[in-house]
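Handing you this structure, nothing more for now.
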Amino acid sequence: MKIYDSQQKTKREFIPQEKNNVTLYVCGPTVYDDAHLGHAKSALVFDLLCRVLRANGYEVTYARNITDIDDKIIKKAQQENKSIKEITEFYADAYNKEMSKLGVIRPDIEPKATESLDAMIEFIQKLIDANHAYKTEDGDVYFDTSSDNEYLSLSKRVQEEDDKKQRVESSLQKRNSADFALWKSVKDGSVTFDSPYGKGRPGWHLECSAMIEKHLAKPEFKFSVDIHGGGADLLFPHHENEAAQTRCATDHTLAAYWMHNGFVNIDGEKMSKSLGNSFFLKDALREYDGEVLRFYLLSTHYRSNFNFSTVDLELSKKRLDKVYRLKKRLFGLSEANDASEFKDALLEALSDDMNISLALSLIEEMISSANERLDCAGKHKELKKETISNLAFIEDVLGFGVKNPYEYFQSGVDAATKEKLSELISKRDVAKKEKDFATSDKLRDEILAFGVNIMDTPQGTFWEKI
RNA sequence: GGUGCCAUCGCCAAGUGGUAAGGCCGCAGCCUGCAAAGCUGCUAUCCCCAGUUCAAAUCUGGGUGGCACCUCCA
């Protein structure tokens with residue numbers, strides 16, 4: 001397996017520290033609002049990574065945190081006159097429900113900041129003891145970036161002197177402009193936690209380092225985790241700061257491989273509330289099947305920026321439909337689990353830094369070839385077995401085609417409509433048998449008026465929602 | 001301003017030194033009572049210029065255009 005490491009800026013062979021076990025940590029959401037397409041993209045990318053690693057025979061321990069301490073959460077709670085807990089639980093639950101509609105497998109560990117305060121305070125103390133952090137008169141604790149000679153080695157950023165001066169002047173208590181808060185003193189009595197440094201709240205960067213050390217790191221290894229992932233925007237400062245903290249507080253280097261997913265843009269622009277073009281996942285899920293969104297968001301390489309458009313989303317639906325039509329064609333037949341050239345090729349493509357485009361082209365070639373051979377007369381027992389097995393592999397590794405094909409094509413249609421459609425189709429069948437094509441065409445128009453397509457097959461007439 | 005990424009058919013998008021995957025759309029055909037679905041065939045020399053090489057979309061240099069990050073952010 002090959003992975004592009006965003007620290008070394010190169011694609012390299014993935015070798016976990018422990019022969020068959022892989023630890024993966026991904027920065028999850030801050031739960032103060034509904035998840036947007038960007039959150040979905042990130043969750044999907046690392047879900048795919050996890051599946052591909054597992055398909056390669058690795059045991060993966062996958063952790064994704066939930067940030068439930070944050071100024072934005074407090075603000076939201078005040079706005080809605082609710083408790084912090086109500087807000088964080090509501091949005092964490094919504095996040096998980098929506099991700100599950102996208103076929104995202106739950107991580108093995110989902111640590112929360114509120115449950116990791118002890119670990120964070122312990123972490124701060126280690127940094128203070130090692131002279132990598134300092135307290136200020138205000139009661140804040142900052143990480144001293146000048147004490148870490150490897151600071152900025154992850155993002156390869158160059159610090160500007162002018163900028164440095166300016167910042168220092170504006171914040172007299174910070175020793176260096178780049179120093180970031182490990183503990184923020186809060187005196188307004190809003191939401192605070194106790195610490196040896198007084199009441200306050202932990203800094204955002206701290207939680208990931210502390211939780212990784214607590215849940216995933218093993219003393220015998222050099223790196224705390226094999227792979228650390230997150231959105232491209234997190235590279236700096238979030239991941240840079242995490243890496244610095246861990247380097248200075250523990251015997252570990254934070255991650256052996258860093259992976260960053262590209263951004264979701266809308267109409268070529270970054271999604272943001274101020275631009276008014278945020279696209280919430282819950283809105284997209286009202287219009288489209290979760291699996292279509294999964295296919296769409298995964299259909300371009302994870303490192304590329306992704307430009308959302310409904311035209312392309314429709315295209316993804318068509319592509320996924322093809323998987324389901326083949327599945328429908330073979331529906332009810334029992335599944336085998338044999339090796340095939342197709343499976344090997346698919347896994348190889350995905351194992352090359354998740355080359356999804358190549359993987360999808362292999363799938364589409366497999367579908368065409370299977371359909372072509374099934375079109376020819378014959379029993380095709382072996383072919384059917386192999387094709388079903390191939391489809392099952394696609395379900396496992398990519399999470400495409402996991403539903404019952406009939407339900408997939410008919411989702412969002414109520415029972416009464418279904419009954420009506422089946423009635424019309426029966427009538428049309430009778431008309432067709434009697435070669436009364438005027439009536440059968442009229443009935444077809446009535447059927448199409450429900451927003452569905454119909455297709456006549458040797459097994460009978462089926463309809464699909466458009 | 002600093003740092004980095006990108007530019008391949010009408011659209012989406014692989015390939016990164018050996019002569020352009022795949023999908024959508026379009027056209028022609030098979031199948032069909034007609035459709036739909038499915039299948040077959042057709043459709044690009046890779047932003048521009050110069051260079052390296054037996055060989056470049058792929059490497060180097062220079063343009064042009066687009067994007068991202070620079071301490072809120074997936």
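Throughout, a chain's letter reflects where its sequence line sits, starting with A, and its residues are numbered from 1.
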Practice problem: Go ahead and name the base partner of B:A7; Watson-Crick or wobble counts if both distances stay under 3.5 Å, otherwise write none. | Solution: B:U64
Quiz item: The side chain of A:F437 lies closest to which of these nucleotides: B:U71, B:C24, B:G33?
Solution: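 Looking only at side-chain atoms, A:F437 lies closest to B:G33.
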Quiz item: Does B:U19 pair with anything, Watson-Crick or G-U wobble, both distances under 3.5 Å, and if so, with which nucleotide?
Solution: none
Quiz item: Roughly how many Å is it from CD1 in A:I447 to P in B:A35, rounded to a whole number?
Solution: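 So the CD1-P distance, A:I447 to B:A35, works out to 17 Å.
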Quiz item: Looking for any heavy atom pair under 4.0 Å, which part of the strands does A:F180 touch: base, sugar-phosphate only, or nothing?
Solution: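 Counting heavy atoms under 4.0 Å across all strands, no contact is made by A:F180.
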Quiz prompt | Minimum-distance nucleotide to A:S177 side chain [options: B:U71, B:G23, B:A21] | solution = B:U71
Practice problem: Please determine which of A:Y406, A:F409, A:F462 meets the ring pair (Phe, Tyr, Trp, His ring centres under 6.0 Å) test together with A:F331. | Solution: A:Y406
Exercise. Answer yes when A:E314 and A:K318 have at least one side-chain N-carboxylate O distance shorter than 4.0 Å, and no when they do not.
Key: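 No salt bridge links A:E314 with A:K318.
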Self-check item: Whole-Å gap separating P (B:A14) and CZ (A:R303)
Solution: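 Atom CZ in A:R303 sits about 10 Å away from atom P in B:A14.
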Self-check item: Sugar-phosphate only, base, or nothing, as touched by A:E365 at under 4.0 Å among non-hydrogen atoms
Solution: sugar-phosphate
Practice problem: Kindly say whether, by distance alone, the side chain of A:R444 makes a donor-acceptor pair under 3.5 Å with the base of B:A35? | Solution: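 Side chain to base: pair present.
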Quiz prompt | Interatomic distance, A:K318 NZ vs B:G22 P [rounded to whole Å] | solution = 19 Å
Quiz item: Among B:C24, B:A68, B:A37, which is the nearest nucleotide to the side chain of A:N305?
Solution: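 It is B:A68.
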Quiz item: Which residue lies toward the 5' end of RNA chain B, A:Y4 or A:D352, if each is placed at its nearest nucleotide?
Solution: A:Y4
Self-check item: Between P of B:G2 and CZ of A:R157, the distance in whole Å
Solution: 14 Å
Quiz item: Salt bridge between A:E348 and A:K2, side-chain N to carboxylate O under 4.0 Å?
Solution: no
Practice problem: With the side chain counted from C-beta on, respond yes when A:D312 and A:Y296 share a heavy-atom pair under 4.5 Å apart, and no when they do not. | Solution: yes
Self-check item: Cation over ring face, A:R12 and A:Y4, 6.0 Å, 45°
Solution: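 So A:R12 doesn't make the cation-pi contact.
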Quiz item: Does A:E364 pair with A:K322 as a salt bridge, N-O distance under 4.0 Å?
Solution: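 A salt bridge is absent here (no side-chain N lies under 4.0 Å from a carboxylate O).
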Practice problem: State whether A:D47 and A:R51 are salt-bridged, where the test is any N-O pair (Lys NZ or Arg NE/NH1/NH2 against Asp/Glu carboxylate O) under 4.0 Å. | Solution: yes
Quiz item: At under 4.0 Å between heavy atoms, what does A:H301 touch on the DNA or RNA strands: base, sugar-phosphate, or nothing?
Solution: sugar-phosphate
Self-check item: For B:G1, the Watson-Crick or wobble partner whose two distances fall under 3.5 Å
Solution: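 Its partner is B:C70 (Watson-Crick or G-U wobble, both distances under 3.5 Å).
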Exercise. Find the distance A:Y324:OH to B:G23:P and express it as a whole number of Å.
Key: 20 Å
Quiz item: Quick one: A:L443 CG to B:A35 P, roughly how many Å, whole number?
Solution: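 My rounded result for the distance is 19 Å.
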Self-check item: Sole residue of A:L358, A:I363, A:L360 in side-chain contact (heavy atoms from CB on, under 4.5 Å) with A:L346
Solution: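 So the option named by the test is A:I363.
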Quiz prompt | Distance-only donor-acceptor test, A:D441 side-chain atoms vs B:G33 base atoms, 3.5 Å | solution = yes
Quiz item: Are the side chain of A:S422 and the backbone N or O of A:K418 linked by a donor-acceptor pair below 3.5 Å?
Solution: no
Quiz item: With sugar-phosphate meaning primed atoms plus P, OP1 and OP2, does A:K435 contact a base, only sugar-phosphate, or nothing at under 4.0 Å between heavy atoms?
Solution: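 Nothing, no heavy atom under 4.0 Å.
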Exercise. When you get a sec, tell me which of B:U71, B:G22, B:A37 is the closest nucleotide to the side chain of A:F236?
Key: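 The nucleotide sitting nearest to the side chain is B:U71.
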Exercise. Would you state whether a donor and an acceptor, one from the side chain of A:D456 and one from the base of B:A35, lie under 3.5 Å apart?
Key: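 Answer yes: a donor N or O sits under 3.5 Å from an acceptor.
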Quiz prompt | Residue matched to B:C59 through Watson-Crick or wobble contacts both under 3.5 angstrom | solution = B:G51
Exercise. Find the distance A:F295:CZ to B:C24:C1' and express it as a whole number of Å.
Key: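 Atom-to-atom, A:F295 to B:C24, this comes out as 11 Å.
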Practice problem: Indicate, with a heavy-atom threshold strictly under 4.0 Å, whether A:S368 touches base, sugar-phosphate, or nothing. | Solution: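 Sugar-phosphate contact only.
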Self-check item: Distance in angstrom units between A:I266 CD1 and B:C67 P, rounded
Solution: 16 Å
Quiz item: Mapping A:I367 and A:N241 onto RNA chain B by nearest heavy atom, which one lands closer to the 5' end?
Solution: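 Its nearest nucleotide lies further toward 5', so the answer is A:I367.
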Pairwise N/O distances under 3.5 Å, protein to nucleotides 72-74 of chain B:
from	atom 1	to	atom 2	distance (Å)
B:C72	O2'	A:K72	NZ	2.4
B:C73	O2'	A:D233	OD2	3.3
B:C73	O2	A:K270	NZ	3.1
B:C73	N3	A:K270	NZ	2.6
B:A74	OP1	A:H39	NE2	3.4
B:A74	O2'	A:G231	N	2.5
B:A74	N7	A:H36	NE2	3.4
B:A74	N1	A:V264	N	3.0
B:A74	N3	A:G38	O	3.0

